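Each remark here refers to the structure printed beneath this line.
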Protein chains: 2
Amino acid sequence: MATKSAPMQRGDVTKEALLASAIAVFARDGFHAVSTRDIAHISGVNQALIGYHFRNKEGLYLAVFEHIAKQIKARIGPLADAIEAVLEAGPAVAARSEGADTYLLHLLRLTDGMTGMLAQENFAAWAQLITREQQAPTAAFEVLYDGFMGRVLGLMTQLVLRIRGSDDEIAARLTTATILGQILVFRACRTGMLRHMAWSGVSDSELAAIQRQIRRNVTAILTSKDTE
Amino acid sequence: MATKSAPMQRGDVTKEALLASAIAVFARDGFHAVSTRDIAHISGVNQALIGYHFRNKEGLYLAVFEHIAKQIKARIGPLADAIEAVLEAGPAVAARSEGADTYLLHLLRLTDGMTGMLAQENFAAWAQLITREQQAPTAAFEVLYDGFMGRVLGLMTQLVLRIRGSDDEIAARLTTATILGQILVFRACRTGMLRHMAWSGVSDSELAAIQRQIRRNVTAILTSKDTE
DNA sequence: GTCTATAAAGTGATAGAC
DNA sequence: GTCTATCACTTTATAGAC
């Protein structure tokens with residue numbers, strides 16, 4: 001794509017233009033609500049070129065998700081690599097030792113990063129596509145899960161296990177799910193949450209408030225004694 | 001609708017059939033992906049009758065959401081009424097007194113109820129419609145928010161305030177949002193969460209595990225000392 | 001690689017008979 | 001209330017010129 005420094009050929013420009021438009025309108029209106037005519041028109045490109053470059057409408061849709069997965073992987077990769085390194089270096093069970101604090105710190109850094117990423121304006125379209133894809137999964141979901149979702153969930157689970165000093169992986173996975181939920185709710189239920197908070201959008205101060213709240217929650221969840 | 005005991009007229013049967021089919025296919029495929037021909041065919045009803053009973057396709061779509069809001073209101077209403085009564089009867093600020101435990105109990109009962117409702121099989125279609133509507137809100141979203149969403153969020157916020165013995169409503173609303181997220185993630189990101197948990201579905205034992213996890217989390221979040 | 005033109009099928013809505 | 005038939009329009013995909 002545009003990541004290589006090689007000069008873009010004529011066809012590459014067309015491809016990128018189609019991809020960019022497709023992301024925007026597929027996100028806003030969904031696969032079936034959008035016509036290839038519209039995408040071509042918005043891109044300033046002839047409709048027949050969709051067939052030439054992506055085979056058909058579905059090929060363009062899949063290309064959109066491959067693009068998204070690649071971008072997210074690029075952004076979250078360094079953070080994930082760092083966590084993986086810490087997990088491999090550290091003791092297998094931390095059990096409320098000093099290690100637990102380090103792991104918690106890394107987890108909070110990850111949740112902060114994910115929350116920040118979700119709040120970014122150009123992530124809005126991606127999030128809509130990802131959310132929609134989970135309601136009625138197609139082949140595109142595999143691209144997402146294999147691309148980054150599985151790895152992030154796995155790393156979070158390992159961190160939770162280390163922080164708890166536990167080997168109950170099911171509990172850790174459940175906990176991971178609920179942590180993820182706290183982050184995603186501000187995207188998946190964005191309309192409802194904005195109204196609930198009486199916010200018109202999520203800018204820097206609102207994002208900071210969300211991150212603070214989630215950090216506090218995660219800390220409470222992972223450091224409280226089991227009282228049941 | 002079918003709640004009255006009066007005998008159904010011929011037209012009512014048609015209306016209900018169309019509504020039931022519409023819920024199923026609008027949920028699965030989205031408004032634009034579904035044709036009125038398909039809905040009519042699945043309902044075993046003539047296509048022209050959609051226009052007769054609901055004016056047009058959009059009228060049918062709105063009717064679907066009015067139906068959903070009504071059903072959810074009916075299910076969650078009693079629980080909400082009970083909480084409202086407790087809120088009015090109890091002291092305005094509980095501040096870690098005995099009252100706080102009562103409020104926490106009611107909040108946990110509410111989260112349990114919501115989690116259980118979301119796990120129900122016939123709620124799947126409703127949840128998909130609600131989630132989709134938040135990605136690209138139409139007039140249907142107002143029906144949902146005014147119908148039940150606003151009330152539930154408001155009650156949860158009041159409970160959080162009482163449990164905390166605080167008057168920081170913004171913090172309470174943020175907390176409410178994150179609690180909701182923990183519940184909704186199992187629907188909004190169902191596909192990803194099922195794979196993450198290595199579950200094939202959410203039956204009784206899985207539901208119980210989710211409810212237990214959320215109860216534990218909510219308790220930890222609301223009873224931990226602020227350490228920041 | 002890009003274009004025009006068009007085939008083939010599908011769409012929502014409705015007029016009018018019963 | 002329900003039906004058939006049809007209008008006016010949009011859809012995806014592609015053949016073929018450049």
Side-chain angles (χ1 to χ4, degrees), chain A residues 1-2 4 6-65 67 129 132 136 138-140, chain B residues 1-2 4 6-65 67 129 132 136 138-140:
Chain A
M1 308 282 162
K4 299 263 180 262
M8 281 209 295
Q9 305 295 320
R10 193 162 57 131
D12 289 337
V13 177
T14 302
K15 250 179 123 162
E16 301 250 358
L18 284 170
L19 210 47
S21 309
I23 289 175
V25 296
F26 278 148
R28 201 188 51 196
D29 301 330
F31 182 81
H32 294 282
V34 169
S35 71
T36 52
R37 270 177 175 71
D38 286 344
I39 297 174
H41 181 252
I42 296 168
S43 312
V45 155
N46 190 278
Q47 186 218 347
L49 291 176
I50 290 175
Y52 179 78
H53 287 289
F54 300 99
R55 212 171 83 91
N56 54 23
K57 189 183 179 183
E58 202 182 323
L60 175 56
Y61 187 71
L62 266 178
V64 160
F65 280 85
H67 177 82
L129 289 164
R132 213 191 304 266
T138 69
Chain B
M1 307 284 160
K4 301 263 180 258
M8 282 210 295
Q9 305 296 320
R10 192 163 56 132
D12 289 336
V13 177
T14 302
K15 252 179 122 161
E16 302 250 357
L18 283 170
L19 211 46
S21 310
I23 288 175
V25 295
F26 278 148
R28 200 189 51 196
D29 301 330
F31 182 80
H32 294 282
V34 170
S35 71
T36 53
R37 273 176 173 76
D38 285 343
I39 298 174
H41 181 252
I42 296 168
S43 312
V45 155
N46 191 278
Q47 186 217 347
L49 291 175
I50 289 175
Y52 179 79
H53 286 289
F54 300 99
R55 213 172 82 89
N56 53 25
K57 189 183 179 183
E58 202 182 323
L60 175 57
Y61 187 71
L62 267 177
V64 159
F65 280 85
H67 176 82
L129 289 164
R132 214 192 301 266
T138 69

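The sequence lines fix the lettering, A, B, ..., with proteins before strands; numbering per chain opens at 1. Predicted model only: the values in this text are computed from it and were never measured.
- Remark: A/Asp38 engages A/Ser35 in a side-chain contact (heavy atoms from CB on, under 4.5 Å) (not counting sequence neighbours).
- Under the side chain to side chain donor-acceptor pair (under 3.5 Å) criterion, the residue pairs touching residues 55-64 of chain A are A/Tyr61-A/Glu133, with sequence neighbours excluded.
- Considering NZ of B/Lys15 and CG of B/Leu60, their distance stands at 10.5 Å, rounded to 0.5 Å.
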Distance-only check: which donor-acceptor pairs under 3.5 Å involve side-chain atoms of residues 18-30 of chain B, not counting sequence neighbours?
| residue | atom | partner | partner atom | Å |
| --- | --- | --- | --- | --- |
| B/Ser21 | OG | B/Ala17 | O | 2.9 |
| B/Ser21 | OG | B/Ser43 | OG | 2.8 |

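- The stretch residues 21-37 of chain B comes close to DNA chain D through B/Arg37, each having a heavy atom under 4.0 Å from the strand.
- Heavy-atom contacts of chain B under 4.0 Å fall on DNA chain C between two terminal nucleotides, which in 5' to 3' order are C/dT11 to C/dT14.
- Scanning residues 47-63 of chain B for heavy-atom distances under 4.0 Å to DNA chain D yields B/Ala48, B/Leu49, B/Tyr52, B/His53.
- What you find for B/His53 and B/Gly11 is that their closest heavy atoms are CE1-O, 3.7 Å.
- Between B/Phe31 and B/Arg132, every side-chain heavy-atom pair lies at or beyond the 4.5 Å cut-off.
- Whole-Å rounding puts the A/Asp38 CG to D/dT10 P distance at 11 Å.
- Considering every non-hydrogen atom in both B/Thr36 and B/Ile50, the closest pair reads O-CD1, 3.5 Å.
- Helical stems in DNA chain D, defined as runs of 3 or more consecutive Watson-Crick or G-U wobble pairs with donor-acceptor distances under 3.5 Å: C:1-18 with D:1-18.
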